[in-house]
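Just so you know, residue 1 is the first one in the sequence shown, and it goes up from there.
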Amino acid sequence: MEKTVDILGFAGSLRKGSYNKALLRAAVELVPKGAKLEVFDLEGIPPFNQDLETRPPRKVEDFKSSIRAADAILIATPEHNYSIPGVLKNAIDWASRPPTDNVFYDKPVAIMGASTSMLGTARAQYHLRQCFVFLNMHALNKPEVMVSYAREKFDANGRLTDEKTRISIAELLESLIALTARMRKQ
Ligand SMILES: Cc1cc2nc3c(=O)[nH]c(=O)nc-3n(C[C@H](O)[C@H](O)[C@H](O)COP(=O)(O)O)c2cc1C
């Protein structure tokens with residue numbers, strides 16, 4: 001029997017009512033048999049300080065350990081000023097250092113994102129893909145989950161109600177699991 005695929009998810013928003021955190025909650029509901037999705041909250045990760053990269057703060061240690069233990073990564077990114085939020089970039093910077101301990105190295109990764117405007121984080125997602133090149137991650141190309149006009153797609157309790165988006169997230173998870181399984185066989 002194949003080993004379970006352990007996915008670690010995190011959102012680039014600290015906001016309680018974050019649409020991107022809500023996308024991750026939907027992904028937890030939709031994760032298929034044979035996989036597990038654990039969510040890590042970036043709240044409490046301090047600004048990156050390279051002086052501390054070999055002895056990072058506890059919260060960063062926890063983040064790095066969770067990434068190390070995961071077979072695959074799922075990032076839910078908001079779009080801030082046409083790019084990824086500082087909160088997300090900061091967390092990625094910590095986890096990528098020092099270069100001998102870039103915990104993202106060789107991991108499969110998938111992206112999804114929700115924004116309140118028309119392009120549904122498209123610009124932020126392409127910036128994030130650029131980071132994956134330096135991190136040497138293996139980014140899933142399709143499906144692209146870009147949730148536009150987020151206010152219309154979640155209910156008052158932050159539950160994703162848009163059926164098309166729920167189907168896209170389920171497909172994204174299936175594809176990430178398949179990519180991870182293919183990489184295991186190599
Ligand atoms: C600093 C800032 C910059 C933003 N820039 C963009 C942007 O470039 N494109 C966009 O579609 N939405 C932008 N927004 C709106 C976000 O899509 C919206 O705040 C969204 O809810 C953020 O994700 P969250 O709900 O997960 O926190 C911006 C919001 C903030 C706070």
Side-chain angles (χ1 to χ4, degrees), residues 5-28 36-117 119-141 144-147 150 158 172 176 179-180 183:
V5 173
D6 291 320
I7 305 170
L8 184 77
F10 49 93
S13 176
L14 305 181
R15 217 163 67 78
K16 211 165 149 234
S18 159
Y19 296 120
N20 287 281
K21 285 183 177 177
L23 281 186
L24 279 179
R25 288 196 298 276
V28 169
K36 272 194 327 207
L37 171 58
E38 191 193 310
V39 175
F40 191 95
D41 193 333
L42 301 184
E43 176 78 57
I45 294 187
F48 178 69
N49 179 347
Q50 198 181 352
D51 290 340
L52 303 178
E53 69 179 18
T54 55
R55 46 183 178 92
R58 180 61 197 270
K59 179 79 190 193
V60 173
E61 282 288 10
D62 291 348
F63 184 46
K64 291 184 75 172
S65 301
S66 300
I67 296 164
R68 246 185 237 110
D71 301 305
I73 305 297
L74 174 62
I75 301 178
T77 185
E79 182 167 285
H80 280 183
N81 298 310
Y82 284 14
S83 186
I84 61 173
V87 161
L88 177 59
K89 181 64 163 57
N90 182 60
I92 290 173
D93 289 347
W94 272 118
S96 68
R97 299 293 300 184
T100 48
D101 192 30
N102 164 20
V103 290
F104 289 120
Y105 194 90
D106 219 22
K107 301 261 183 202
V109 59
I111 313 173
M112 55 187 181
S115 83
T116 49
S117 74
L119 290 185
T121 73
R123 293 161 293 218
Q125 291 200 22
Y126 286 110
H127 278 190
L128 188 52
R129 282 179 189 275
Q130 193 176 334
C131 296
F132 295 156
V133 177
F134 189 71
L135 296 167
N136 198 35
M137 299 186 86
H138 304 284
L140 189 73
N141 289 325
E144 293 180 304
V145 180
M146 296 171 172
V147 183
L172 183 80
L176 179 63
L179 172 66
T180 308
M183 285 183 61

Next on the checklist: A side-chain contact here means heavy atoms from C-beta on lying under 4.5 Å apart; do Tyr19 and Ser13 qualify?
Outcome noted: no

Item to check | Test applied, side chain to side chain contact (heavy atoms under 4.5 Å, CB included); reference residue, Met112; option that passes from Thr77, Leu24, Ile75, Val147 | outcome: Leu24

Next on the checklist: Taking atom NZ as the centre, does Lys59 end up with more than 12 heavy-atom neighbours from other residues, nucleotides or ligands that are less than 6.0 angstrom away?
Outcome noted: yes

Item to check | Interatomic spacing from OG1 in Thr121 to OH in Tyr126 - rounded to 0.5 Å | outcome: 10.0 Å

Checklist entry - Taking it one step at a time, do Asn141 and Arg129 satisfy side-chain contact (heavy atoms from CB on, under 4.5 Å)? => result CA-CA 9 Å; Asn141 289 325; Arg129 282 179 189 275; 3.6 Å; yes

Item to check | For Phe132, ring pair (Phe, Tyr, Trp, His ring centres under 6.0 Å) partners two or more places apart | outcome: none

Checklist entry - Judged by atom type as modelled, is there a donor-acceptor pair below 3.5 Å linking the side chain of Asn90 to the main-chain atoms of Pro46? => result yes

Checklist entry - Which residues satisfy the side chain to side chain donor-acceptor pair (under 3.5 Å) test with Ser66, sequence neighbours excluded? => result none

Item to check | Pairwise distance NZ(Lys36) to CD1(Ile7) - rounded to 0.5 angstrom | outcome: 11.0 Å

Next on the checklist: Can you give me the closest heavy-atom contact between Glu79 and Ala124, atom names plus distance?
Outcome noted: OE1-N, 2.9 Å

Next on the checklist: Holding to side chain to side chain contact (heavy atoms under 4.5 Å, CB included), I want the full list of residues that pass it with Glu43, two or more places apart in sequence or in another chain.
Outcome noted: Leu14, Asp41

Item to check | Sidechain-backbone polar pair: Arg97 side chain, Phe48 backbone, donor-acceptor under 3.5 Å | outcome: no

Next on the checklist: Applying salt bridge (charged side-chain N to carboxylate O under 4.0 Å, His left out), can you list everything that pairs with Asp101, at least two apart in sequence or on another chain?
Outcome noted: Lys64, Arg68

Checklist outcome for this item: To the nearest 0.5 Å, atom CD1 of Ile111 lies from atom CG of Leu128 at 4.5 Å

Checklist entry - Nearest 0.5 Å, what's the OG-CD distance between Ser96 and Glu53? => result 8.5 Å

Checklist entry - How would you list all residue pairs meeting ring pair (Phe, Tyr, Trp, His ring centres under 6.0 Å) that involve residues 70-90, not counting sequence neighbours? => result none

Item to check | Where at least one partner belongs to residues 53-74, residue pairs that pass ring pair (Phe, Tyr, Trp, His ring centres under 6.0 Å), sequence neighbours excluded | outcome: Phe10-Phe63, Phe40-Phe63

Checklist entry - Which distance, rounded to the nearest 0.5 Å, do you find between the CG of Leu8 and the CG of Leu37? => result 8.0 Å

Checklist entry - Nearest heavy-atom pair of Leu23 and Gly113: which atoms, and what distance? => result CD1-C, 3.7 Å

Checklist entry - Just by distance, do the side chain of Asp6 and the backbone of Asp71 share a donor-acceptor pair under 3.5 Å? => result no

Checklist entry - Between Leu176 and Val5, is a side-chain contact (heavy atoms from CB on, under 4.5 Å) present by the stated rule, with each step listed? => result CA-CA 9 Å; Leu176 179 63; Val5 173; over 6 Å; no

Checklist entry - Out of curiosity, Asn136 CG to Lys107 NZ, how far, rounded to the nearest 0.5 Å? => result 12.5 Å

Checklist entry - Should we count CD of Gln130 as having more than 12 external heavy atoms under 6.0 Å? => result no

